[in-house]
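Shown next, in structure tokens, is the structure this report addresses.
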Number of protein chains: 2
Amino acid sequence: MLSIANTTSGAGGACPVSAVTRLLGSRWTMQLIHHLRQPRRYSELQALVGEVNPATFTQRLRFLEQQELIMRHEDPEHARHVEYALTPKGRELLPILDALAAWAQKWLLV
Amino acid sequence: MLSIANTTSGAGGACPVSAVTRLLGSRWTMQLIHHLRQPRRYSELQALVGEVNPATFTQRLRFLEQQELIMRHEDPEHARHVEYALTPKGRELLPILDALAAWAQKWLLV
DNA sequence: CCGTATCCACCATGATACTG
DNA sequence: CAGTATCATGGTGGATACGG
């Protein structure tokens with residue numbers, strides 16, 4: 001039994017729910033993880049996510065890398081070929097994203 | 001099989017993942033829903049969530065009400081007694097919040 | 001191809017005080 | 001008790017241009 005109530009009660013303690021919000025709440029973050037279901041190159045991701053400004057985009061990638069949700073792999077022989085992929089930590093978020101998407105399709109779309 | 005890929009590919013179409021971010025990404029939102037697992041009064045919620053400024057707090061409640069994730073119930077006989085509760089739409093988010101909390105406990109906490 | 005460097009606007013959030 | 005009214009602020013994300 002998960003004692004979620006315990007971890008979130010009291011005032012202002014570090015609660016997992018708010019931690020997750022800080023981690024995933026910023027714009028583009030969830031989309032990025034979702035599209036990294038399979039490894040992708042920078043430009044691929046950019047195209048999939050849509051019109052994002054490159055500064056924000058890179059910042060998001062760096063942050064996710066720092067949090068060890070994604071890994072950056074640069075091919076040493078073709079230096080301009082960079083791929084991003086999910087770590088195990090990041091991959092375990094996918095079923096949850098699926099559940100959120102299912103919820104959205106049930107309640108948000110016609 | 002959920003065709004999530006379809007709904008998010010292409011550029012900038014309304015994708016469920018980003019819709020959910022807009023809905024739940026703001027501060028306090030997830031905590032609020034989480035604590036409304038059982039019906040709560042305004043001041044109860046305030047105490048549970050922690051130090052929130054009342055303007056933001058009310059704004060969030062109004063937004064969630066407008067999105068039909070929560071319901072506001074004011075007792076007509078004791079006008080200063082207000083309770084908030086989840087709608088079915090909001091309630092179906094709880095298992096997902098649980099999953100997120102479980103993920104956080106596995107990967108975020110020591 | 002994969003970014004970095006600036007600069008800027010806006011809006012989300014907060015602080016504080018007050019009220020039906 | 002359950003909010004509303006103001007005002008301030010900071011940091012998030014965007015536009016644009018440039019670089020290894």
Side-chain angles (χ1 to χ4, degrees), chain A residues 11-12 15 17-33 35-36 38-67 69-85, chain B residues 11-12 14-15 17-33 35-36 38-67 69-86:
Chain A
C15 107
V17 174
S18 79
V20 164
T21 300
R22 280 194 300 277
L23 218 62
L24 307 177
S26 310
R27 210 174 169 192
W28 313 119
T29 304
M30 301 246 219
Q31 273 103 305
L32 280 175
I33 295 175
H35 286 299
L36 284 172
Q38 49 189 291
R40 300 271 192 199
R41 302 181 55 180
Y42 184 92
S43 44
E44 270 185 293
L45 281 173
Q46 222 169 11
L48 286 166
V49 164
E51 292 298 310
V52 204
N53 114 30
T56 305
F57 195 65
T58 299
Q59 178 186 317
R60 205 68 4 121
L61 286 168
R62 296 281 178 269
F63 175 76
L64 289 174
E65 193 188 358
Q66 176 195 328
Q67 300 300 316
L69 289 165
I70 69 176
M71 298 166 56
R72 192 186 110 109
H73 177 68
E74 179 173 342
D75 190 326
E77 308 196 350
H78 331 82
R80 340 239 201 115
H81 187 108
V82 178
E83 270 202 351
Y84 292 91
Chain B
C15 107
V17 174
S18 78
V20 164
T21 300
R22 280 193 301 278
L23 219 60
L24 307 176
S26 309
R27 210 173 169 192
W28 313 120
T29 304
M30 301 246 219
Q31 271 103 306
L32 242 22
I33 294 175
H35 286 299
L36 283 173
Q38 50 189 292
R40 300 271 193 199
R41 302 182 53 178
Y42 184 93
S43 45
E44 271 184 291
L45 280 173
Q46 223 170 11
L48 286 166
V49 163
E51 293 298 310
V52 204
N53 114 31
T56 305
F57 197 64
T58 299
Q59 178 186 316
R60 203 71 2 122
L61 287 168
R62 296 281 178 269
F63 175 76
L64 290 174
E65 192 188 358
Q66 177 195 327
Q67 300 301 316
L69 289 165
I70 69 176
M71 297 165 56
R72 193 187 109 108
H73 178 68
E74 179 174 342
D75 190 327
E77 307 196 350
H78 332 82
R80 343 241 198 112
H81 186 108
V82 178
E83 270 201 352
Y84 291 92
L86 291 177

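Note that the coordinates shown come from a computational prediction; the quantities given were computed from them, not determined experimentally. In what follows, chains carry the letters A, B, and so on, assigned in the order in which the sequence lines appear, proteins first and then strands, with residues in each chain numbered from 1.
- Positionally, the nearest nucleotide of DNA chain D for S26(A) lies more toward the 5' end than for the other of P54(A) and S26(A).
- In this structure, the CD atom of E65(B) is 14 Å from the P atom of dA2(D), given to the nearest Å.
- For the pair E44(B) and A55(B), nearest-nucleotide mapping onto DNA chain D gives the more 5' position to E44(B).
- One finds no side-chain N or O of R72(B) lying less than 4.0 angstrom from the OP1 or OP2 phosphate oxygen of dA2(D).
- Between S43(A) and dC2(C), a side-chain N or O to OP1/OP2 separation shorter than 4.0 Å is present.
- Remark: P of dG3(C) and CD of Q46(A) are 10 Å apart, rounded to the nearest angstrom.
- If you take CG of L32(A) and C1' of dG13(D), they are 14 Å apart, rounded to a whole angstrom.
- At dG3(C), one or more side-chain N or O atoms of Y84(A) fall inside 4.0 Å of OP1 or OP2 (strictly under the cut-off).
- Using a distance-only test at 3.5 Å, with no hydrogens or angles considered, no donor-acceptor pair links the side chain of R60(B) to the main chain of W28(B).
- Look at R27(B) and you'll find a side-chain N or O under 4.0 angstrom from OP1 or OP2 of dG14(C).
- The CD-P distance, from Q59(A) to dG14(D), rounds to 10 Å in whole Å.
- A straight line from CG of L61(B) to P of dG3(D) spans 7 Å, rounded to a whole angstrom.
- When rounded to the nearest whole Å, the span between NE2 of H73(B) and P of dA2(D) equals 13 Å.
- Distances shown here put a side-chain N or O of R62(A) below 4.0 Å from the OP1 or OP2 atom of dT4(C).
- Atom-to-atom distance recorded for L32(A):CG and L61(A):CG is 5.5 Å, nearest 0.5 angstrom.
- In this entry the distance linking CH2 of W28(B) with C1' of dT13(C) reads 10 Å, nearest Å.
- When every heavy atom of F63(B) is checked against every heavy atom of L23(B), the shortest pair comes out as CE2-O, 3.7 Å.
- Taking side-chain N and O atoms only, R41(B) has no distance below 4.0 Å to OP1 or OP2 of dC1(D).
- Heavy-atom minimum distance, C15(B) versus Q31(A): SG-CG, 4.4 Å.
- Atom CZ of R80(B) has 12 or fewer heavy atoms from other residues, nucleotides or ligands within 6.0 Å.
- OP1 or OP2 of dT4(C) has at least one side-chain nitrogen or oxygen of T58(A) nearer than 4.0 Å.
- Between R60(B) and dG3(D) there is no side-chain N or O to OP1 or OP2 distance below 4.0 Å.
- dT4(C) atom P lies 12 Å from atom CG of N53(A), rounded to whole Å.
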